[in-house]
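Have a look at the structure below, then the notes.
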2 protein chains.
Amino acid sequence: MDDRKGHRQLVALHLPGDFVDLHGFPLQRLDHDVASLTEVSVAFAPHTKLTEITQDYPHLTRMLWFSTLLDAAMYREWIFRLGRLNALGRVAHFLAETHCRLVATGLSHGQRFRLPLTQADIGEACGLTNIHVSRMLKELRDQGIASMEEQTVEFLDRDRLYRIAEFDPKYLYLDDGILVP
Amino acid sequence: MDDRKGHRQLVALHLPGDFVDLHGFPLQRLDHDVASLTEVSVAFAPHTKLTEITQDYPHLTRMLWFSTLLDAAMYREWIFRLGRLNALGRVAHFLAETHCRLVATGLSHGQRFRLPLTQADIGEACGLTNIHVSRMLKELRDQGIASMEEQTVEFLDRDRLYRIAEFDPKYLYLDDGILVP
DNA sequence: CGGAGGTTTGACGTCCCTCAAGGTAGGTGG
DNA sequence: CCACCTACCTTGAGGGACGTCAAACCTCCG
C-alpha cells in the first residue's frame with residue numbers, strides 16, 4: 001500500500017506455496033497491490049472454480065477460509081509489531097516470523113534462511129528507513145543475535161531474538177499443522 | 001494484544017452489530033483478547049451451528065467469510081496507519097474510519113458521533129501515548145478540523161481530515177452495501 | 001572505465017515519549 | 001455544605017529514538 005508521497009508500506013510477505021490474494025475472491029476487488037520481489041511461478045485459481053468449491057465442498061471451503069484467517073492473524077501481529085515494538089524489536093520480529101513460516105513449509109532447516117530483500121524492503125515492512133534498518137541489523141550482529149549478509153539470514157541466538165521481538169509463534173498455528181479445520 | 005510490560009495494542013474496534021470473533025470459528029483458538037469498553041448486549045453463535053451453515057448454505061458461508069475479510073481489510077489499513085502516518089494522521093485516520101463505519105450501520109448521521117473512548121484508548125489504537133493523543137486532538141481542534149469532548153466527536157472539515165489521514169473509505173466496501181458476495 | 005544499486009557511517013534535526021505538575025468533573029463520606 | 005478521592009485531560013520541560021542529509025564504499029555490469 002502506498003501513501004500520498006509514494007512511500008510503500010508492506011502489509012504481507014508471501015512465501016512459495018502461499019495462496020496469494022485469496023482475499024480477492026470474497027472481496028471481489030482489492031484495496032492493495034500484489035508485487036513480486038523475485039522470479040516466481042504462478043498458478044491461477046479462477047473465481048468460478050472457487051465458487052464451485054464453495055458449492056460442493058464445505059470442508060475444503062473452510063480450509064480456504066482458514067488460510068485467509070491465518071493471513072489475518074499475521075496482520076494482527078504486524079499491527080502489534082508496529083504499534084508496540086521499537087526498531088530493534090520490529091526487525092527481530094519480522095525475521096522471526098519469516099523464519100518460522102519458512103521452516104513450516106520446509107524451505108528452511110536450522111537457523112539459516114535466504115531472504116531476498118533489501119534493507120529498504122525490510123524498512124517498508126517495519127515502518128523504518130533503510131538507514132535505520134542497517135543500524136538495527138548491525139546491532140543484532142554486534143550483539144551476536146543474528147546476522148544478515150548477501151540476502152542470507154542466520155540466527156545466532158534465537159532465544160534472545162525472540163525475547164527482543166516479543167515473539168511467540170503460536171499465532172501461526174503451526175503445531176496443529178497448517179490446515180486445522 | 002499485550003506486550004511484555006502489559007501495554008495494550010488495540011488491533012480492532014467492534015461496533016454494535018458487528019460479528020465479534022468470527023475468526024475464532026475457522027481458527028479454533030484465538031491469538032488476542034476480546035474486551036468491552038461499554039455495556040454490551042451479546043448474542044452467541046455456537047460453532048456447531050456455524051458448521052451446519054457451512055454444510056448447507058454456501059452463499060451464507062461466503063457472506064460470513066466476506067465479513068472476516070472485511071476485518072482483514074481493516075487490519076491492512078491499521079498497518080498502513082501505524083507504518084506510514086505521523087501522530088496527527090493516525091488519530092485522524094482512526095476517527096475517519098470509525099465515523100464511516102458508524103454511518104454505514106446507521107449509528108451516525110452527519111458529522112457527529114459518540115465515541116466512548118478515553119484518549120488513552122485512542123493511543124492504544126494508534127501506537128501513541130495518551131499525552132500525545134491529547135496534543136493531536138488539540139491540534140485538530142485549533143485547526144478547525146475536528147473536535148472531541150465528552151466522548152463526542154464532531155468533524156468540522158471532513159475533507160481536510162481525510163487529507164491528513166490519507167483516508168479513502170473504499171477499503172470498507174460500503175458503496176456496494178456491506179454484503180457483496 | 002563509468003554508472004547503478006545497495007550498504008555503512010556520521011552529524012544533525014525533529015517527532016514523540018517521559019516525567020512532572022496542575023486542572024476539571026464526578027463520587028463519596030463527613 | 002466542604003473535604004477528599006479517582007479518573008481523565010492539559011500543558012511544559014527535557015531527552016531519546018528515529019529520520020534526514022551527506023559522503024564514502026562495495027559489487028556487479030555494461
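All chains are named by letter (A, B, ...) in the order of the sequence lines, taking the proteins before the strands, and each is independently numbered beginning at 1.
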Please pick, from [options], the nucleotide with the shortest atom-to-atom distance to any side-chain atom of [X].
{"X": "Ser134(B)", "options": "dC19(C), dC18(D), dC9(D)", "value": "dC9(D)"}
{"X": "Thr129(B)", "options": "dG10(C), dG6(C), dC17(C)", "value": "dC17(C)"}
{"X": "Ile131(A)", "options": "dC8(D), dG10(C), dT18(C)", "value": "dG10(C)"}

Checking [Y] against [X]: is there a side-chain donor and acceptor pair closer than 3.5 Å?
{"X": "Tyr173(B)", "Y": "Asp31(A)", "result": "yes"}
{"X": "Glu97(B)", "Y": "Tyr171(B)", "result": "yes"}
{"X": "Ser147(B)", "Y": "Arg141(B)", "result": "no"}

Please report, rounded to the nearest Å, how far the [atom2] atom of [N] is from the [atom1] atom of [X].
{"X": "Asp121(B)", "N": "dC9(D)", "atom1": "CG", "atom2": "C1'", "answer": "13 Å"}
{"X": "Lys138(A)", "N": "dG10(C)", "atom1": "NZ", "atom2": "C1'", "answer": "12 Å"}
{"X": "Arg84(A)", "N": "dC17(C)", "atom1": "CZ", "atom2": "C1'", "answer": "12 Å"}
{"X": "His132(A)", "N": "dT8(C)", "atom1": "NE2", "atom2": "C1'", "answer": "14 Å"}
{"X": "Leu85(A)", "N": "dA17(D)", "atom1": "CG", "atom2": "P", "answer": "15 Å"}
{"X": "Leu82(A)", "N": "dC18(D)", "atom1": "CG", "atom2": "C1'", "answer": "14 Å"}
{"X": "Glu150(A)", "N": "dG5(C)", "atom1": "CD", "atom2": "C1'", "answer": "15 Å"}
{"X": "Glu124(B)", "N": "dC8(D)", "atom1": "CD", "atom2": "P", "answer": "11 Å"}

**Request:** Pick base, sugar-phosphate or nothing for Asn130(B), based on heavy-atom distances below 4.0 Å to the nucleic acid.
**Result:** nothing
**Message:** At 4.0 Å (heavy atoms only), tell me whether Gly127(A) reaches a base, stays on the sugar-phosphate, or touches nothing.
**Reply:**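 Sugar-phosphate contact only - Gly127(A) comes under 4.0 Å of backbone atoms but never of a base.
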**Message:** Given the structure, check if the side chain of Arg141(A) and the base of dT7(C) hold any donor-acceptor pair shorter than 3.5 Å.
**Reply:** no
**Message:** For the NE2 atom of His32(A) and the CZ atom of Arg76(B), what is their distance to the nearest 0.5 Å?
**Reply:** 4.5 Å
**Message:** Heavy-atom nearest nucleotide on DNA chain D for Arg135(B) versus Leu117(B): which residue maps closer to 5'?
**Reply:**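 Between the two, 5'-proximity favours Leu117(B).
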**Prompt:** At under 4.0 Å, does any side-chain N or O of Gln119(B) touch on OP1 or OP2 of dT10(D)?
**Reply:**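 Result: yes.
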**Message:** Is it the case that the ring center of Trp65(A) lies less than 6.0 angstrom away from the ring center of Phe25(B)?
**Reply:**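 Ring centres of Trp65(A) and Phe25(B) closer than 6.0 Å.
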